[in-house]
Amino acid sequence: MSRIREHMTADRRLAILRLLVEAGGECGESSIEKSLRSLGFGSLLDREVVQQDFRFLAGVHCIDIEYYDARIMVAAITKQGQRCAGGLVEIEGISKPSQRGRD
């Protein structure tokens with residue numbers, strides 16, 4: 001993966017965590033995809049990319065994944081995910097929020 005793509009992926013994962021915080025802690029893949037598009041992450045974004053990010057975030061204990069109707073992923077942010085979104089912990093593969101982003 002190129003450096004720019006790595007940065008875009010890490011930024012997108014942070015955005016997912018922030019969206020989950022704003023949504024009250026839980027959100028489905030479709031809503032996350034639409035929100036990411038509205039934030040400018042539309043380039044190379046599709047449902048599979050969101051699902052891959054969900055799996056990555058679950059693997060580093062930032063979200064829990066449940067399935068609705070056995071096929072739709074729903075993410076629930078964990079305490080670890082909240083700390084990461086707030087810049088209190090750093091996790092490789094997820095951008096750290098800017099100082100301004102933590103206000």
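- When every heavy atom of A85 is checked against every heavy atom of R18, the shortest pair comes out as O-NE, 4.1 Å.
- Sorted by first and then second residue, the pairs that involve residues 72-81 and meet side-chain hydrogen bond (donor to acceptor under 3.5 Å, both in side chains), not counting sequence neighbours, are Q80-R83.
- Residues L17 and R13 have side chains not in contact (no heavy-atom distance under 4.5 Å, counting atoms from C-beta outward).
- The two residues A15 and L36 come nearest to each other via the heavy atoms CB-CD2, 3.8 Å.
- Counting only heavy atoms from C-beta outward, the side chains of F54 and I32 approach each other to under 4.5 Å.
- R37 and E33 are joined by a salt bridge, as a carboxylate oxygen and a charged side-chain nitrogen come within less than 4.0 angstrom of each other.
- Side-chain contact check for P97 versus L14: some heavy-atom pair is nearer than 4.5 Å.
- In the hydrophobic cluster analysis, where Ile, Leu, Val, Met, Phe, Trp and Tyr join through side-chain heavy atoms closer than 4.5 angstrom, F56 is grouped together with L20.
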Donor-acceptor pairs are to be reported for all side-chain atoms of residues 61-70 against protein atoms at under 3.5 Å, with residues two or more places apart or in another chain.
none

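- Checked for salt-bridge contact, R71 and E29 miss the test: no charged N lies under 4.0 Å from a carboxylate O.
- Hydrophobic clustering keeps I77 apart from L88 (ILVMFWY residues linked when any side-chain heavy atoms are closer than 4.5 Å, directly or through intermediates).
- Counting heavy atoms from C-beta outward, T9 and V49 have side chains that stay 4.5 Å or more apart.
- By the 4.5 Å heavy-atom criterion applied to side chains, L45 and R12 are counted as neighbours.
- Other residues, nucleotides and ligands contribute only 12 or fewer heavy atoms inside 6.0 Å of the CD atom of E90.
- By the rule that hydrophobic residues join a cluster once side-chain heavy atoms approach within less than 4.5 Å of another member, V60 and V21 end up as members of one cluster.
- Here the side chains of K34 and S38 are not in contact, with every heavy-atom distance at 4.5 Å or above.
- The shortest heavy-atom contact between S95 and H7 is OG-O, 4.1 Å.
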